[in-house]
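Nothing here was measured: the structure is a model prediction, and the numbers come from that model. Keep in mind that the numbers below use all heavy atoms, side chains included, and drop hydrogens, waters and symmetry copies.
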Amino acid sequence: MKKTKSAIIGGIAGAIGGGLGAWIGSSMVFKKVLKFGVIGLTCFTLAIIGGVNMVGFAQTEANFDNNLVGIWQGKIEIKGISLRIVFNITKDAEGKLTATMDSPDQRVEGIPVEEVTFKDSVLHLEVKSAGGFFEGKVQEDFLSIEGELNQAGNSFPLVLEQVEEIAKVNRPQEPKKPYPYKEEEVTYENRNAGITLAGTLTFPFEKGPFPAVLLITGSGAQDRNESEVTHKPFLVLADYLTCLGIAVLRVDDRGVGGSTGDFSQSTSEDFAGDVLTGIEYLKSRKEIDPKQIGLIGHSEGAIIAPMVAAQSPDVAFIVMMGGMGLTGEEILYLQSALILKVNGVSDELITKSRALQESIYKVLKKEKDDAVAAGELHKIIENAKLELSEEEREKILFGAFIEPPIKLIPWYRYFLTNDPKTALMEVKCPVLAINGEKDLQALPKESLQSIEKALIAGGNKDYTVKELPNLNHLFQTAQTGALSEYSQIEETIAPEALDLVGKWILERTGEWLL
């Protein structure tokens, strides 16, 4: 399955979002981060993985390059997540080496490599338009190639080994066509923002009108399936709910897939406007009951859902999955410390990371000019690189998600100071708030307590707040909750989480499980 460069960047940095979704806050820079947002996984590495249309050519060492023909696989580690990188090396009709690149854990295949050279036992594979390349020393036995994947001055150790075939990613919960319900590709306009939003609407074959939900992704530029490093949570969730008789609309974020607009210049408030537009679209459909339209938000989406519900009387209910009840700044400090700790980082280095975060967030909150802020942030990060060892740079600058604020200044500026409790106190419709016990990104105990207090303070009479044992930020059954587990777990969403959400919605829409 092939993807465009932008789709790949959105998918990973997206989970590394909502999936890592919370790095970017809720994924929170991944996501929605990974959720940048997943999260995926850094923006520059995604650009390499992102692929371009190019023609391969090569220089070769006579009598030896035939040994390079085959499948070469290795792994890079980014933000605690392991990604397989595969180069498929062949020869063209003229005997020149050519190659394509795969990222199996993102389910991306067949990306053309622009340049392949082999000289003095060194293999060079280059993707010029992405500003990246792999260069490595071919071992004498031609069984491995030891080198680095480079881009924009950053490098990642990568040892390639020749393999017979690439193991396929198994995702048993993903539905297979033909689906037992209707599926329709849709578009609608957010006229206030001047953008077009594209998504997928699923609804039962039976005659409606049906209750409906609009799914809201976590942080980071994400597609309609909220693709998170090999998983498609919103595809699985939409399938489950539609089979229960609930219509589901899932939508590409601004600037992702079929949607237009500039994600990098948008904030949670802008995304709330997109959701309001989606509600109006659902109200226009004869298949949908306009009095039974709800919202399901994951990670940052669980912050946006209350914002919309506080503004619109058309929201019949909201489900918050992996949401937060603290300010973005509080969340980012806590989640970064937890993620670093589970990855074995020392307390001393965690303290350094916190100090660096504080200096960055101070600039974001104080400086209103984006260009000036970007310049100051660049200086802070470059100085940190000089002061830190290579190991510390890897763990703090990449592992603690320090660099992305330069790319998403408007989003960060809003997210840092936004307090979710303000909107929650205005929500009068039914609310289901669930977090996984092993969620390192949304801090389940602190967030759920804060969410419940805000709902009580606002006088909400119908709410359910629940922590689900052994589940992580993606609501997978997990061992530690570490981001590195996300792609390794076959389960996309735990059945108990799906069952809880489905039953809760059916109870409030007058429908019953058969």
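Around NZ of Lys177, the count of heavy atoms belonging to other residues, nucleotides or ligands within 6.0 Å does not exceed 12. Enclosure of atom CD in Glu140 is not indicated, since only 12 or fewer non-hydrogen atoms of other residues, nucleotides or ligands lie within 6.0 angstrom. Within a 6.0 Å sphere centred on CD of Gln479, other residues, nucleotides and ligands contribute 12 heavy atoms or fewer.
Residues Pro175 and Leu235 are in side-chain contact: their nearest non-hydrogen atoms beyond the backbone lie under 4.5 Å apart. You'll find the side chain of Asp274 reaches within 4.5 Å of the side chain of Ile195, heavy atoms only. Side-chain atoms of Leu443 and Met324, non-hydrogen and from C-beta on, never get closer than 4.5 Å to each other. Here the side chains of Leu244 and Ile505 are not in contact, with every heavy-atom distance at 4.5 Å or above. The shortest distance between side-chain heavy atoms of Ser353 and Leu340 falls below 4.5 Å. Looking only at side-chain heavy atoms (C-beta outward), Leu68 and Val116 stay at 4.5 Å or farther from each other. When side chains are defined from C-beta on, Tyr240 does not count as touching Gln173, because their heavy atoms never get closer than 4.5 Å. Val251 has its side chain out of reach of Tyr281: every pair of non-hydrogen atoms, C-beta onward, lies at least 4.5 Å apart.
Arg84 contributes no side-chain N or O that, together with a main-chain N or O of Ile166, makes up a donor-acceptor pair within less than 3.5 Å. The main-chain N or O of Ile493 is never found under 3.5 Å from a side-chain atom of His231 such that the two would form a donor-acceptor pair. One N or O on the side chain of Ser259 and one on the backbone of Ala198 form a donor-acceptor pair closer than 3.5 Å. A donor-acceptor contact shorter than 3.5 Å links the side chain of Ser336 to the backbone of Leu332. In this structure, the side chain of Glu490 does not engage the main chain of Pro172 through any donor-acceptor pair within 3.5 Å. Between the side chain of Asp92 and the backbone N or O of Glu94 there is at least one donor-acceptor pair closer than 3.5 Å. One N or O on the side chain of Asp252 and one on the backbone of Gly258 form a donor-acceptor pair closer than 3.5 Å. With hydrogens and angles disregarded, no donor-acceptor distance shorter than 3.5 Å links the side chain of Ser121 to the backbone of Lys137. The closest donor-acceptor contact from the side chain of Asp499 to the backbone of Pro495 lies at 3.5 Å or more, if one exists at all. With Asp270 contributing its side chain and Thr267 its backbone, the two residues share a donor-acceptor pair below 3.5 Å.
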* Checking side chain to side chain contact (heavy atoms under 4.5 Å, CB included) for the pair Val86/Val163: CA distance, chi angles, key distance, verdict? -> CA-CA 10 Å; Val86 175; Val163 297; over 6 Å; no
* Hey, mind stepping through Trp411 and Ser268 against side chain to side chain contact (heavy atoms under 4.5 Å, CB included) and telling me if it holds? -> CA-CA 7 Å; Trp411 184 91; Ser268 302; 3.9 Å; yes
* To do: Could you please spell out the steps behind the side chain to side chain contact (heavy atoms under 4.5 Å, CB included) verdict for Leu377 and Leu364?
  => CA-CA 8 Å; Leu377 293 179; Leu364 288 167; 3.8 Å; yes
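Rounded to the nearest 0.5 Å, atoms CG (Leu143) and CD (Gln139) are 9.5 Å apart. The distance from the CG atom of Leu388 to the CD1 atom of Ile381 is 11.5 Å, given to the nearest 0.5 Å. Atoms CZ and CD, on Phe133 and Glu115 in that order, are 11.0 Å from each other to the nearest 0.5 Å. Remark: Leu498 CG to Leu241 CG distance equals 7.5 Å, nearest 0.5 Å. Separation of atoms CD (Glu437) and CG (Asn472) is listed at 11.0 Å; rounding is to 0.5 Å. Atoms CZ and CG, on Arg254 and Leu197 in that order, are 7.5 Å from each other to the nearest 0.5 Å.
For the residue pair Val69 and Lys91, the shortest heavy atom distance occurs at CG2-CG, 4.1 Å. The two residues Glu148 and Asn150 have their closest heavy-atom pair at O-ND2, 3.3 Å. Nearest heavy-atom pair across Ser447 and Asn435 is CB-ND2, 4.4 Å. Across all non-hydrogen atoms, the minimal contact from Ala442 to Gly323 is CB-O, 3.7 Å. Minimum heavy-atom separation, Gly220 to Glu300: N-OE1, 4.5 Å. Across Asp239 and Tyr181, no two heavy atoms sit closer than the pair OD1-OH, 2.7 Å.
The pair Arg250-Asp223 does not meet the salt-bridge criterion, since no charged nitrogen lies less than 4.0 angstrom from a carboxylate oxygen.
Figure legend: cation-pi geometry between Arg224 and Phe234 absent, as NZ or CZ is not positioned both under 6.0 Å from the six-membered ring centre and within 45° of its axis.
Applying the side-chain hydrogen bond (donor to acceptor under 3.5 Å, both in side chains) rule to Thr242 yields the partners Thr202; only residues at least two apart in sequence or on another chain are considered. Taking the ring pair (Phe, Tyr, Trp, His ring centres under 6.0 Å) definition, one finds that His378 meets it with nothing, sequence neighbours left out.
Between the side chains of Thr492 and Gln476, no donor N or O sits under 3.5 Å from an acceptor N or O. Looking only at atom types and distance, the side chain of Thr477 has no donor-acceptor partner in the side chain of Asn470 under 3.5 Å away.
Two rings, from Phe271 and Phe263, have their centers less than 6.0 Å apart.
Each of Val122, Val159, Leu123, Leu158 was scored for a side chain to side chain contact (heavy atoms under 4.5 Å, CB included) with Ile145, with one residue passing: Leu123.
Within the structure, salt bridge (Lys or Arg N to Asp or Glu O under 4.0 Å) pairs that include any residue of residues 467-483 comprise Lys445-Glu467 (at least two apart or interchain).
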